[in-house]
Amino acid sequence: KQEVTQIPAALSVPEGENLVLNCSFTDSAIYNLQWFRQDPGKGLTSLLLIQSSQREQTSGRLNASLDKSSGRSTLYIAASQPGDSATYLCAVMRAQKLVFGQGTRLTINP
Amino acid sequence: NAGVTQTPKFRILKIGQSMTLQCTQDMNHNYMYWYRQDPGMGLKLIYYSVGAGITDKGEVPNGYNVSRSTTEDFPLRLELAAPSQTSVYFCASSFPGTSSYEQYFGPGTRLTVT
């Protein structure tokens, strides 16, 4: 059974810092990996999707990497801003179904 | 395009009551999904459908039923509500014609069972 773990569960950093969120998964036979953002009481916003054949994807200040052999992905956020405060979820796909981690709650302090 | 829409946004049920959560997508996606998210947790798959008339169980199907009579709609039925079903429910859809199978999510239904 695929299990997805995100560490840390919560992270608080001052504005302007670069930071890394971690995601690990137990079964490397995945189709792709997605990173989502979730604001309190809201739905999910897709940030980045990495196909299993890719090593990384970039969008603006966000960069996601994927290492299937070690079962790990990281989400790098550059020059963090208070507006980046949210919960970040990673999810791996196999057989068209997503398995989610429990999320990292990120707070950026002005 | 409205994308994936869900109704209602909020609902309070008494134990033993029934209700249907509605989900509609206008993207002509074949695949549709229902997830639940408990406080401080990730999403867990309840049921999914790969097309009209075809449904299958996910990780946590007990206490729920689904049907898929059209491509657009994928309702989730709770027959005898229990406090353990208090959660936020998300519907999603995807199109297998793209290489990514990227899933698009609705805004969620917040359900409380008391």
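Quick caveat: nothing in here was measured; it's all calculated off a predicted structure. We name chains A, B, ... by the order of the sequence lines, and we start the count at 1 in each one.
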Distance-only donor-acceptor check, side chains B:S94 and A:Q96, under 3.5 Å: no
Hydrophobic cluster membership, A:F36 vs A:Y88, 4.5 Å side-chain cutoff: no
Atom group of B:Y104 that falls short of 4.5 Å from chain A, counting heavy atoms: neither
Within one Ile-Leu-Val-Met-Phe-Trp-Tyr cluster: B:Y31 and A:L98, side-chain cutoff 4.5 Å: yes
From CZ (B:F105) to OG1 (A:T45), nearest 0.5 Å: 10.5 Å
More than 12 heavy atoms from other groups under 6.0 Å of CZ on A:R55: no
Residue pair B:Q37 / A:Q38, side-chain donor-acceptor N/O under 3.5 Å: yes
Within one Ile-Leu-Val-Met-Phe-Trp-Tyr cluster: B:L21 and B:M32, side-chain cutoff 4.5 Å: yes
Lys/Arg-Asp/Glu bridge criterion (N-O < 4.0 Å) met for B:E59, A:K97: no
Note, B:E102 side chain near A:M93 side chain (heavy atom, < 4.5 Å): no
Common cluster, A:L11/A:L47, ILVMFWY with side-chain heavy-atom separation under 4.5 Å: yes
Engaged part of B:L43 at the chain A interface, taking heavy atoms whose separation is under 4.5 Å: both
CD1/B:I54: more than 12 non-hydrogen atoms of other groups inside 6.0 Å: yes
